[in-house]
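Okay, structure first, notes after.
The structure presented is a predicted model; accordingly, all values stated were derived computationally and were not measured.
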Protein chains: 2
Amino acid sequence: MSATTSPTPTKLQLMELLAAIGTAQWRDFAAAAAHHGLTSTQAKVLAQLNGPLPMRALATLLVCDASNVTGIIDRLEARSLVRREPDPSDRRVKNVVATDEGRDVIRRVREEMQATSGALDTLDADESATLHELLARLRPGMEKSA
Amino acid sequence: MSATTSPTPTKLQLMELLAAIGTAQWRDFAAAAAHHGLTSTQAKVLAQLNGPLPMRALATLLVCDASNVTGIIDRLEARSLVRREPDPSDRRVKNVVATDEGRDVIRRVREEMQATSGALDTLDADESATLHELLARLRPGMEKSA
DNA sequence: TTGTTTACTTGACCACCTCAAGCATCAAGG
DNA sequence: CCTTGATGCTTGAGGTGGTCAAGTAAACAA
């Protein structure tokens, strides 16, 4: 143990700290999205669209009902941030694709998360690596049970 | 640098990892809340009520409009999880207090966050302390600008 | 007293979310 | 072929969460 190590925190303390940071990052994201006239949900969807994605896949990613996605994509499409394209191999599915404008907007939203970005700048390379390592170990266990 | 330290992650990688973990914990929380018939917002409000809290203070904590809180408390009060009490020193303010049942429910919700809890169990005392230390340093910077 | 600020509620309006129902398409078996 | 059953998406109803504008009541200050 290094000289600066704190006493072992309780699990509850860690959970609260994680929650606080998660909330702060989410607010940072929502604020950046709002700055471009997007709700956080719309921005989140846009962030998933690296390639064409069927509506169903989107619903699975968002862990929500498929009918919900219809409305969200409707509103994004009305702003030309996204397009619905017919799937060539299955006429039931519609692939959602981000337009150039959509890609541009979500790129800017990411760049404008200054609170999160600034906070991470206070870590040096070593600390970043350590944090990344610990969080990467936490991730799989947290994503399991739904 | 210890022998197991990974190459320095990019800031983008860290942001995505933080977002993934934040989302996972939020879903865990929402699922536990739903198990008791609560929405995540209702559970979040209940979690803040350690003591009597004026409506206005709640709105500030939640970073939302005061009129929004009215509806949330209405629904919680309809289930007897919360009570509105007149403030003795200022007749304008209504203090929100969790009922015994409300305290009980939120206690159970916290206990049932098994995905998060289980994931944290995989860290030993040293790792927990390190994680806590790093996150605690991140927190103030992330909560600043709104 | 008069005027200003503060706390809360109401009503209108939109986004998000779920469920149930419906339509079109695919895929398998007679 | 054609029926039967899944699957993908949309629609409509209904509730929650969120904002804004306006209104009421109480506190406060000149």
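- The only member of B/L38, B/V96, B/L49 that meets side-chain contact (heavy atoms from CB on, under 4.5 Å) when paired with B/L76 is B/L38.
- Pairs of residues two or more places apart, or lying in two chains, never qualify as side-chain hydrogen bond (donor to acceptor under 3.5 Å, both in side chains) while including a residue from residues 17-26 of chain A.
- Of the residues in residues 101-108 of chain A, not one places a heavy atom less than 4.0 Å from an atom of DNA chain C.
- B/E143 has its side chain out of reach of A/R27: every pair of non-hydrogen atoms, C-beta onward, lies at least 4.5 Å apart.
- No salt bridge links B/E133 with B/R137; every basic N to acidic carboxylate O contact stays at or beyond 4.0 Å.
- Rounded to a whole Å, the CD1 atom of B/I73 is 12 Å from the C1' atom of C/dC8.
- Summarising the geometry, the separation between CG on B/L58 and P on C/dT6 is reported as 19 Å, rounded to the nearest angstrom.
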Checking salt bridge (charged side-chain N to carboxylate O under 4.0 Å, His left out) for the pair B/E111/B/R107: CA distance, chi angles, key distance, verdict? CA-CA 6 Å; B/E111 287 170 0; B/R107 182 182 51 73; 3.0 Å; yes

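- The side-chain hydrogen bond (donor to acceptor under 3.5 Å, both in side chains) analysis of residues 53-69 of chain A, with sequence neighbours excluded, yields the pairs A/R56-A/T60, A/D65-A/S67.
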Return a single string for nucleotides 7-18 of chain D, one symbol per nucleotide in 5' to 3' order, where B is base contact, S is sugar-phosphate-only contact and - is none, cutoff 4.0 angstrom on heavy atoms. BSSBB----SSB

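- For B/R91 and D/dA25, the shortest distance from a side-chain N or O to OP1 or OP2 is not below 4.0 Å.
- Under the salt bridge (Lys or Arg N to Asp or Glu O under 4.0 Å) criterion, the residue pairs touching residues 11-22 of chain B are A/D121-B/K11, with sequence neighbours excluded.
- Judged as a salt bridge (charged side-chain N to carboxylate O under 4.0 Å, His left out), and not counting sequence neighbours, A/E101 has no contacts.
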